[in-house]
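None of the values given here were measured: they were computed from a predicted structure.
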Amino acid sequence: MMQDVQTTSLFKERSTLLVLGALLVVTVAVTLANLLPQGHPLYVSTFTVSLLGKYLCYALLAVALDLVWGYLGILSLGHGAFFALGGYAMGMYLMRQIGARGVYGNPELPDFMVFLNWHELPWYWHGFSSFPFAMAMVLLVPGALAFVFGWLAFRSRVSGVYFSIITQALTYALMLAFYRNEMGFGGNNGLTDFKEILGADVWAEDTRRTMFIASSVALAAGYLICRAITRSRLGRLCVAVRDSEARTRFIGYRVEHVKLAVFVVSAMLAGVAGALYVPQVGIINPDQFSPLFSIELVVWVALGGRATLYGAIIGALVVNYLKTVFTGVMPEAWLFALGGLFVLVTVALPKGIAGLLRFRQGQARTAASRQEAKA
Amino acid sequence: MNKVNATLKRVRELARPDRVFDFMVPQESPVDTRHGPILYLEDVSVSFDGFKAINNLNLTIDDGELRCIIGPNGAGKTTMMDIITGKTRPDSGQAWFGSRHNLLSLSEPEIARLGIGRKFQKPTVFEALSVFENLELAMAGDKRVWATFTARLNSESRGRIDEVLDTIGLAQEYRRPAGVLSHGQKQWLEIGMLLMQRPRLLLVDEPVAGMTEQEMQRTAELLTRLAGQQSVVVVEHDMGFVRSIARTVTVLHQGSVLAEGSMDEVSNDPKVVEVYLGAPQEEMA
Ligand SMILES: Nc1ncnc2c1ncn2[C@@H]1O[C@H](COP(=O)(O)OP(=O)(O)OP(=O)(O)O)[C@@H](O)[C@H]1O
Ligand SMILES: [Mg+2]
């Protein structure tokens with residue numbers, strides 16, 4: 001019998017090659033255009049480079065969400081929390097790099113702690129002056145939270161809308177906690193006034209370019225990790241869990257382990273996205289935990305098209321580009337525009353923007369078998 | 001000296017010509033049926049909000065047997081399967097799989113891995129996946145997360161899938177998404193998924209509901225073919241179908257066994273007739 005099981009390697013897949021190719025082209029083109037002299041017609045400003053870098057971080061966050069929502073069917077409405085935690089871990093590193101250059105010139109304590117009359121660095125700030133340590137925390141903190149939270153929720157079989165609601169509650173609770181000055185994360189001002197990253201000036205043009213390129217590489221790596229999962233047997237298992245959890249259990253899989261593992265991977269990717277985002281926008285504050293942000297993120301993925309991964313990238317880029325344009329013209333109307341767009345796409349394009357693209361192998365296969373059925 | 005002797009003995013033991021190495025013996029399921037039935041339920045009761053869905057139920061299924069279970073709506077047939085597969089915990093009683101495994105102390109996946117396969121009343125296959133992928137996922141093997149991530153399809157498992165595709169008559173359909181199959185085909189696919197796990201005991205809940213006459217016939221053939229290699233318990237309302245496959249029939253009523261025997265014995269039992277007259281929508285053939 002002939003077989004159609006995935007035998008092509010990951011790097012020969014059309015969708016993967018297109019995603020990686022497009023990313024490479026955009027990254028190289030933008031970087032080169034930024035290196036041109038300022039008056040040149042093709043010149044891209046450093047501001048735009050950082051803006052694009054920010055979009056790429058959002059895209060990585062969207063890919064992470066699509067992994068759990070699109071494939072596993074877990075609608076997390078709190079993924080912004082993992083993003084923000086990754087961002088805070090990076091922010092703490094950047095704060096420690098300021099050293100004595102703060103307004104108060106205290107070499108030991110960040111400005112906001114001096115302002116609060118603190119005399120000692122809280123224990124959980126130790127180690128963050130080391131870049132490798134901070135990067136480990138970027139992965140570990142969101143990962144650990146996802147692990148504990150997921151372990152409790154999946155073990156007691158909390159799913160569907162209940163799970164969505166408690167993830168909203170989670171991110172909301174974190175937002176309230178981070179607003180408090182006593183938490184030691186800068187209260188509602190958050191962490192800002194960064195100076196240096198790995199010894200380089202955060203605001204220097206080549207640092208900005210490097211961070212943009214790093215975001216692009218992270219997105220590519222995140223996409224590859226997710227794609228490696230979704231095209232493996234584990235990926236098919238995720239779809240099985242999404243479509244019939246009870247059935248999956250009866251054929252001998254531990255559904256809660258599957259959910260937990262994928263949820264943790266997704267949270268870590270979200271953390272990486274947050275960590276790359278913070279130095280490019282120059283601030284992280286508790287608003288990043290806002291429940292609304294997590295919901296917006298779901299809209300990106302829905303608009304782009306669920307369960308394709310590249311759809312999430314498209315959705316994040318398109319919506320955030322529109323947001324930038326829109327908020328420049330009439331900021332009050334943005335939420336209405338977003339809502340309208342969401343309704344429009346849901347009605348007209350239930351598979352999202354990705355539904356318009358036909359290069360997906362699975363779709364081609366389905367179409368072919370439908371033809372077979374007709375014949 | 002003693003040590004040398006012991007070693008020698010072990011070497012001789014290893015070299016015995018009538019002996020095969022453990023790892024070469026085909027993996028048998030660890031279920032022990034040498035001294036009795038494959039499934040044994042004793043005095044099982046369960047109630048939902050005071051309503052006794054299962055009431056002192058006793059049931060024994062022998063190894064390799066094909067058993068039909070009939071009973072009016074709400075008799076507790078599905079609930080009984082829930083108890084066997086670990087989905088529902090009884091309030092009292094015992095449930096054993098072979099003589100070694102206490103089903104009441106095991107979780108659903110553990111029970112599934114021991115070799116009890118279940119087909120639901122409503123066909124549930126993974127609609128978004130192809131027929132082939134449905135069977136692939138169901139295949140017996142290491143089902144932990146990492147092992148699933150790194151799993152590759154070898155020729156042996158592909159052969160196994162082909163074999164099951166032939167058994168269930170879906171060899172032509174293997175690449176179609178399960179969602180587009182006909183109702184009957186979905187039922188067979190689900191049985192195929194159970195077979196991929198090489199179960200010792202198959203629980204099949206209403207396999208022919210909604211099937212055409214022809215599909216029903218094929219299902220009857222399939223189930224009779226399967227019995228013998230594994231034990232099969234079929235719950236069914238369709239009396240014609242039950243008559244065509246049944247050797248022993250158990251009648252369930254209000255959560256306990258009302259009668260047991262051959263189809264003729266059972267259908268002439270006055271108690272059974274009465275129960276079915278009380279539920280006129282059942283045609284007693
Ligand atoms: N989880 C539950 N909670 C409350 N009542 C339940 C539950 N499960 C089953 N029951 C009740 O237990 C009784 C037995 O149900 P069960 O589904 O086992 O019957 P059945 O013999 O399979 O019937 P049918 O032929 O309709 O499939 C029914 O009255 C049902 O309403
Ligand atoms: Mg039933």
Side-chain angles (χ1 to χ4, degrees), chain A residues 1-7 9 70-73 155 157 225 228-265 306-307 361-375, chain B residues 85-87 107-120 123-134 136-153 158-159 161-162 165-166 171-181 190 193-194 196-197 203:
Chain A
M1 172 182 291
M2 33 182 281
Q3 31 80 26
D4 62 335
V5 194
Q6 298 274 4
T7 41
S9 92
Y71 289 88
L72 203 46
R155 195 188 49 139
R157 300 199 184 169
I225 290 172
I229 293 175
T230 59
R231 71 198 296 281
S232 73
R233 187 180 294 171
L234 180 60
R236 299 190 278 283
L237 178 58
C238 290
V239 172
V241 169
R242 179 189 75 193
D243 289 351
S244 176
E245 193 174 321
R247 192 88 200 86
T248 318
R249 215 169 256 133
F250 280 116
I251 57 175
Y253 291 97
R254 289 195 176 270
V255 169
E256 57 279 6
H257 291 189
V258 178
K259 286 183 170 177
L260 192 57
V262 176
F263 192 58
V264 168
V265 168
R306 276 174 70 185
Q361 275 180 330
Q363 278 178 342
R365 197 201 299 165
T366 315
S369 54
R370 269 202 206 104
Q371 297 239 301
E372 250 170 56
K374 273 190 203 136
Chain B
T85 53
K87 192 176 173 207
S107 69
E108 290 162 78
E110 281 167 344
I111 293 175
R113 263 179 260 163
L114 268 182
I116 298 189
R118 173 176 191 182
K119 210 204 76 54
F120 286 84
T124 39
V125 293
F126 306 123
E127 309 234 324
L129 300 176
S130 72
V131 169
F132 189 96
E133 290 167 339
N134 268 273
E136 180 204 11
L137 274 185
M139 187 160 38
D142 191 339
K143 292 191 168 165
R144 281 171 298 184
V145 176
W146 184 255
T148 311
F149 176 56
T150 54
R152 295 284 170 272
L153 204 61
R158 190 168 293 149
I161 294 176
D162 285 348
L165 279 170
D166 282 335
Q172 300 299 315
E173 328 281 343
Y174 77 103
R175 54 194 311 179
R176 298 178 66 193
V180 307
L181 296 180
E190 202 179 348
M193 290 166 71
L194 299 183
M196 289 306 298
Q197 301 163 66
L203 305 175

(request) Measure A:Val258 against the heavy atoms of chain B and call it side chain, backbone, both or neither at under 4.5 Å. (result)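 Both backbone and side chain of A:Val258 come within 4.5 Å of chain B.
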(message) If I measure from the heavy atoms of chain B, does A:Ala240 come under 4.5 Å with its side chain, its backbone, both, or neither?
(response) both
(request) Among B:Leu137, B:Val145, B:Thr124, single out the residue with the greatest number of heavy-atom pairs under 4.5 Å to chain A. (result)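 The candidate making the most pairs under 4.5 Å is B:Leu137.
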(request) Output the option from B:Lys87, B:Arg152, B:Gln197 having the highest count of non-hydrogen pairs under 4.5 Å with chain A. (result) B:Gln197
Between [X] and chain A, with a heavy-atom cut-off of 4.5 Å, which part of the residue counts as in contact: side chain, backbone, both or neither?
| X | result |
| --- | --- |
| B:Leu194 | side chain |
| B:Ser107 | side chain |
| B:Glu190 | both |
| B:Arg144 | neither |

(message) Show the nearest heavy-atom pair for residues B:Pro109 and A:Tyr253, with the distance to one decimal.
(response) CG-O, 4.0 Å
(message) So which atom in B:Arg158 and which in B:Phe132 form the shortest heavy-atom distance, rounded to 0.1 Å?
(response) CG-CZ, 4.5 Å
(message) Applying side chain to side chain contact (heavy atoms under 4.5 Å, CB included) to A:Leu72 and A:Phe263, what does each step give before you reach the verdict?
(response) CA-CA 9 Å; A:Leu72 203 46; A:Phe263 192 58; 5.8 Å; no
(request) State whether A:Glu256 and A:Lys259 are salt-bridged, where the test is any N-O pair (Lys NZ or Arg NE/NH1/NH2 against Asp/Glu carboxylate O) under 4.0 Å. (result) no
(message) Please determine whether a side-chain nitrogen of the Lys or Arg among A:Arg157 and B:Glu108 lies less than 4.0 Å from a carboxylate oxygen of the Asp or Glu.
(response)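 So A:Arg157 pairs with B:Glu108 through a salt bridge.
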(request) Classify the side-chain pair B:Thr85/B:Arg118 by whether it contains a donor and acceptor separated by less than 3.5 Å. (result)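 Yes.
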